[in-house]
**Q** 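Could you have a look at this structure, given as structure tokens, before my questions?
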Protein chains: 2
Amino acid sequence: MGNPFKLDLGDYLPYLVNRVGAIIAEQFGEEALAPHGLSIAMWRVMVVLASEANQRQIDLAALTSIDASTLSRLVTRLVRMGLVTRTRSARSNREVAVKLSAKGRALVVRLIPIAREYEAAAIAGVPAEELAVVKRCLRLIYGNMKSRPAPKSGSQQLPPHDRLLA
Amino acid sequence: MGNPFKLDLGDYLPYLVNRVGAIIAEQFGEEALAPHGLSIAMWRVMVVLASEANQRQIDLAALTSIDASTLSRLVTRLVRMGLVTRTRSARSNREVAVKLSAKGRALVVRLIPIAREYEAAAIAGVPAEELAVVKRCLRLIYGNMKSRPAPKSGSQQLPPHDRLLA
DNA sequence: GCAAAATAATTGACAATGCATCAGTTGTAA
DNA sequence: TTACAACTGATGCATTGTCAATTATTTTGC
């Protein structure tokens, strides 16, 4: 049990979190999204746009946990499907402004109540105060990881003479 | 707020769960797994094998939330890397028995304490009793979705006590 | 026992993804 | 100003994942 070289998956938070995310996404995706030709990633982009219109792609990427290059192509697909528009941002010429189209908004509005039903099915039997604890902890945990010192750029920085050459 | 056609993502459980899963996987994957040539999916397979050796691929698929065909290719890669072995099951000739190799076990044993560190960093500031609530709720939620009537085809049977929770 | 259905794993064709990189734009500091 | 760094988005390429068969084996119903 306390063996540091064994991992009890049933008590390991990343595992518990991942499988819950996977099973909700799988069921909602197959049953509610696939009939509309949408993937989970597309749904996530659209639902973010529904709550905060007019986002830059890099913000969408951060909000949806989707890689920026993946998101660029994803938006291209959504534009082709007529669900969002991509225009040059007014503020800056290197940014784009992604918005829901009328068709896209209509689709999200139809899907949101269904998404709520899946959420309700998921949390059935969870007392309200415990659900509040869960949500608050998940927000805290995300913040913990988000603010972790990134060993990527911090410790692997190139020596000065290499930076000059790069 | 109570608008049924808007979704407050900061209060929407699937969103909260997904971003937590994504950020932990991203950081652990890049910092701890990538140096060993492992992906998150590979890690999940190996850690499941570490707690329950000798699994069929279909069981591994269920335990890791990885598609069976994806898992087949994944195991092929792990075999090529010398981390697991794949032999025909003794019990049935259509089944396959996947096990960690000595090299694979050594690697998991080295990674498990690191995985615990990431978990510890994630849950920093979460009181023990709240963490217990979170884990218990996540298990319940998973069970809820697992036992949901599948509109697809065959309805999976569950023991009565699980059904009551749904 | 035997045909039919179910199960386990695999494969082919195709789509999606991620990394590295590039191009264009904006911010900054000498 | 001007050069340089940082930012934003897009793309080439290889890897990876998914869906729909396909093969092989086992179980089930008659």
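By convention in this document, chain letters (A, B, ...) are assigned in the order of the sequence lines, proteins followed by strands, and residues within each chain are numbered from 1.
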**Q** Start with the C-alpha distance between B:Glu26 and B:Glu31, add both sets of side-chain angles, then the distance that settles side-chain contact (heavy atoms from CB on, under 4.5 Å), and finish with yes or no.
**A** CA-CA 8 Å; B:Glu26 181 194 324; B:Glu31 300 164 17; over 6 Å; no
**Q** Figure out the CD1/C1' separation between A:Ile58 and C:dT25, and round it to whole Å.
**A** 13 Å
**Q** Starting at CD of A:Glu30 and ending at P of D:dG17, how long is that distance when rounded to a whole Å?
**A** 17 Å
**Q** Kindly point out which of C:dA6, C:dT10, D:dA6 is positioned nearest to the side chain of A:Arg94?
**A** D:dA6
**Q** Just the rounded figure in Å: distance from C1' of D:dA24 to CD of B:Gln57.
**A** 14 Å
**Q** May I ask you to decide whether B:Arg136 forms a salt bridge with A:Glu130, counting only side-chain N to carboxylate O separations under 4.0 Å?
**A** yes
**Q** Which pair of heavy atoms, one from B:Leu140 and one from A:Gly125, lies closest together, and at what distance?
**A** CD2-O, 3.8 Å
**Q** Take the protein atom CG of B:Leu71 and the nucleotide atom C1' of D:dC19, then report the distance between them rounded to whole Å.
**A** 16 Å
**Q** For A:Ser69 and B:Arg88, take the nucleotide of DNA chain C holding the closest heavy atom to each; which residue's nucleotide lies nearer the 5' end?
**A** B:Arg88
**Q** Strictly under 3.5 Å: I want the nitrogen or oxygen pairs between protein and nucleotides 13-17 of chain C, one per line.
**A**
from   : atom 1 : to      : atom 2 : distance (Å)
C:dT17 : OP2    : A:Arg77 : NH2    : 3.4

**Q** Whole angstroms only, please: what is the CG-P distance between B:Leu33 and C:dG18?
**A** 16 Å
**Q** Once you round it to whole Å, what is the distance between P of C:dT10 and CZ of B:Arg56?
**A** 13 Å
**Q** Compare every heavy atom of A:Leu111 with every heavy atom of A:Ala32, then report the nearest pair and how far apart it is.
**A** O-CD2, 3.9 Å
**Q** Of all the heavy-atom pairs spanning B:Asn18 and A:Thr64, show the shortest one and how long it is.
**A** ND2-O, 4.3 Å
**Q** From the options C:dA9, D:dG9, C:dT26, select the nucleotide whose nearest atom is closest to the side chain of A:Glu95.
**A** D:dG9
**Q** When we call it a touch if two heavy atoms are under 4.0 Å apart, what does B:Ser92 touch: a base, just sugar-phosphate, or nothing?
**A** sugar-phosphate
**Q** Can you tell me if the side-chain N/O atoms of A:Arg91 get under 4.0 Å from OP1 or OP2 in C:dT26?
**A** no
**Q** Roughly how many Å is it from CD1 in A:Ile40 to P in D:dT18, rounded to a whole number?
**A** 12 Å
**Q** For residues B:Lys146 and A:Gln27, report the shortest heavy-atom separation together with the two atoms involved.
**A** N-NE2, 4.4 Å
**Q** Any side-chain donor-acceptor pair under 3.5 Å between A:Arg86 and A:Thr76?
**A** yes
**Q** Give the rounded distance in Å between these two atoms: CG of A:Asn93 and P of D:dC7.
**A** 18 Å
